[in-house]
Amino acid sequence: ADRSRSSSSTSRRGVPRMRSGSHRRRPCSPVLAVVKPVTLVVALLLGSAEALTTLRAPVGVGFRPTVHRHAAAPLSTGPAASRRSRKKQRRGSSFVEMKQVGIVGATGAVGKELLGCLATREFPVSKLALFGSKGGQTVEVGAALGGTLEVAKFDVEALRGFDVVFLAASGDFAKQNAEAIAAVLAEGGVVIDNSSALRLKPGVPLVVPEVNGDLIKTAKLIANPNCTTAIAIMVLAPLFFEFGLKKVLVSTYQAASGAGAAGMAELKTGVAALNVNDETSSAIREDGCFDADKPFPNEVFAHPLPFNVIPHIDVFQDNLYTKEEMKVTWETKKILGFDPFDESSAEGEDNGSTAHPPKVSCTAVRIPTLRAHAEAIVVETERPVTPEKARAVLEAAPGVKVTDDPEHKAYPMPLTATGAYDVEVGRIRSNLVFGDHGLEFFVCGDQLLRGAALNAVLIAEKAIA
């Protein structure tokens, strides 16, 4: 059977839309006799409450309309100015308090996706302010968020009294400004930082809401994980809690957009510069070899990325791992509730305990795709595991889509994960090295969404709930 499906408790994109109350069901109207005469007659003859119920609008607690990420409906009815000035907005049969929201770095790749997620998920925005290093640009944010907004030059005081501030800027910016911003927010306000600056800082929660969302309510400053870690942990955490994990071995295949908008632009420019359809000027010869006399440019990446893979992301450390690889190791442990630098392990134990962090090792590779990171992962579990048991656990995990039907060539790919909220997992099989305590699988997720913007917006939703 085709196992390419999401958990039944989630939407098509795998993440429930925020709702503050259920929709009221309206009583059956005589007008419906025109629409459904047969059902009405049956109901009247049989006195069936169930039949009468079918005449009502199909809206309830479990109903989640499918809305494309870039085609969100307005937050409420009425003129835009009036809508944004309201303090509360009706959601179903109740009201949600509207919030003042700021985005620093709104014109970058992650900033743009933040705007899309806020609109699609109908985040209750009363005021949206965009900030950049210079200001002066205009950004089209869609009718739901106010139409066209001007980007202002960043100033801490401009965020005084705000409820939620997303930082999609550099690590240096976060180090210099995150705490100052948190200090001027409204009571209960939160700063959500997407950089690496604060992830390992003691006292700053590193959060994936589906895993450790209970930490959100007690913090004014929250760190968003590394995109590679965020994608992997969506699958690793359910397995950890069910089977325990001793060892985790990760090999990543990371898209150009992991380096931001500049990374995507360099890949596109590089492909165009190769002139692959012009044998006289192409940097690639007919035999597939590169022509050393016709180099093509690279500034963002260590080497040209088109038709190439680069086993080098971020700077090399003293242990010869790159910092990107160590981020996966450290952040996985912290999200699971351990000291990120704890080197103890459950090696040799088989007592069902999850008292020790798993050993985590990663090799990170940049590949010439635009979006969506892919990862091949091998785990050794503390308790016996089978592919069937693992699939059952992952099919029940929110935000995870099991795409695992090799017979019909269904498995995770950037082609299908790009633009989706779910993290895809497939190729689930027993590992030949670790036997009945081993599992091997392939995951793929859009790192600009699940690995950045979506995760940040989910944090914000829990923070204001």
Side-chain angles (χ1 to χ4, degrees), residues 70 105-114 116 132-134 137 139 168-171 194-196 226-228 230-231 250-316 321-325 327-328 362-376 412-420 424 442-453:
H70 297 298
T107 60
V110 174
K112 292 176 181 177
E113 294 297 337
L114 279 168
S133 57
K134 297 180 180 179
Q137 293 176 272
V139 177
S170 68
N194 195 64
S195 79
S196 63
N226 172 266
C227 52
T228 311
I231 291 168
V250 183
S251 297
T252 75
Y253 310 86
Q254 297 182 221
S257 53
M264 288 193 287
E266 182 165 297
L267 176 58
K268 291 177 181 178
T269 301
V271 170
L274 284 174
N275 295 317
V276 292
N277 293 321
D278 185 348
E279 295 181 8
T280 61
S281 61
S282 176
I284 300 180
R285 302 200 306 254
E286 188 176 355
D287 61 2
C289 295
F290 290 92
D291 190 336
D293 296 329
K294 297 175 181 177
F296 46 102
N298 65 286
E299 294 180 1
V300 176
F301 303 113
H303 299 277
L305 188 56
F307 300 96
N308 191 24
V309 297
I310 305 172
H312 175 191
I313 301 177
D314 214 325
V315 297
F316 281 96
Y321 282 80
T322 66
K323 191 174 182 180
E324 178 78 3
E325 293 160 351
K327 287 175 187 176
V328 174
C362 176
T363 298
V365 181
R366 186 76 69 192
I367 65 171
T369 55
L370 287 173
R371 288 180 67 141
H373 291 349
E375 305 174 34
M413 297 183 293
L415 187 68
T416 51
T418 293
E424 296 182 352
F442 194 74
V443 303
C444 196
D446 191 318
Q447 87 289 350
L448 292 177
L449 291 172
R450 181 73 257 186

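A donor-acceptor contact closer than 3.5 angstrom links the side chains of Gln254 and Thr228.
In terms of the side chain to side chain contact (heavy atoms under 4.5 Å, CB included) criterion, residue partners of Val365 (sequence neighbours excluded) are, by chain and number, Val309, Pro311, Thr363, Ile367. Residues passing the salt bridge (Lys or Arg N to Asp or Glu O under 4.0 Å) test with Glu324, sequence neighbours excluded: Lys327. Taking Thr322 as the reference, Glu325 meet the side chain to side chain donor-acceptor pair (under 3.5 Å) condition, with sequence neighbours excluded. Residues that satisfy the side chain to side chain donor-acceptor pair (under 3.5 Å) test with Ser196, not counting sequence neighbours, are absent from this structure. Applying the side chain to side chain donor-acceptor pair (under 3.5 Å) test to Tyr321 and every residue at least two apart in sequence or in another chain returns Ser361. Legend: residues meeting side chain to side chain contact (heavy atoms under 4.5 Å, CB included) with Ser133, ordered by chain and number and at least two apart, are absent. With sequence neighbours left out, the side chain to side chain donor-acceptor pair (under 3.5 Å) criterion links Thr416 to Glu424.
Of all the heavy atoms in Ala230 and Gly451, the pair that sits closest is CB-CA, 3.8 Å. The minimum heavy-atom distance between Pro304 and Asn308, with the atom names listed, is O-ND2, 2.9 Å. For the residue pair Ala168 and Leu114, the shortest heavy atom distance occurs at CB-CD1, 4.3 Å. Between Ala109 and Leu448, the shortest heavy-atom contact is CB-CD2, 4.1 Å. In plain terms, the two heavy atoms of Pro414 and Cys444 that are nearest each other are N-SG, 3.3 Å. Considering every non-hydrogen atom in both Phe290 and Phe307, the closest pair reads CZ-O, 3.6 Å.
Note that the CG atom of Leu449 and the SG atom of Cys227 stand 11.5 Å from one another [nearest 0.5 Å]. Rounding to the nearest 0.5 Å places CZ of Arg450 at 9.0 Å from CD1 of Ile231.
His373 is not listed as a side-chain neighbour of Thr252, based on a closest heavy-atom distance of 4.5 Å or more. At a threshold of 4.5 Å between non-hydrogen side-chain atoms, the residues Ile310 and Leu305 count as touching.
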Show me, pair by pair, the donor-acceptor contacts under 3.5 angstrom made by side chains of residues 256-272, not counting sequence neighbours?
{"from": "Ser257", "atom 1": "OG", "to": "Leu370", "atom 2": "O", "distance (Å)": "2.6"}
{"from": "Ser257", "atom 1": "OG", "to": "Gln447", "atom 2": "NE2", "distance (Å)": "2.3"}
{"from": "Glu266", "atom 1": "OE1", "to": "Glu299", "atom 2": "N", "distance (Å)": "2.7"}
{"from": "Glu266", "atom 1": "OE1", "to": "Val300", "atom 2": "N", "distance (Å)": "2.7"}
{"from": "Glu266", "atom 1": "OE2", "to": "Glu299", "atom 2": "N", "distance (Å)": "3.3"}
{"from": "Glu266", "atom 1": "OE2", "to": "Val300", "atom 2": "N", "distance (Å)": "3.4"}
{"from": "Glu266", "atom 1": "OE2", "to": "Phe301", "atom 2": "N", "distance (Å)": "3.3"}
{"from": "Thr269", "atom 1": "OG1", "to": "Ala265", "atom 2": "O", "distance (Å)": "2.8"}

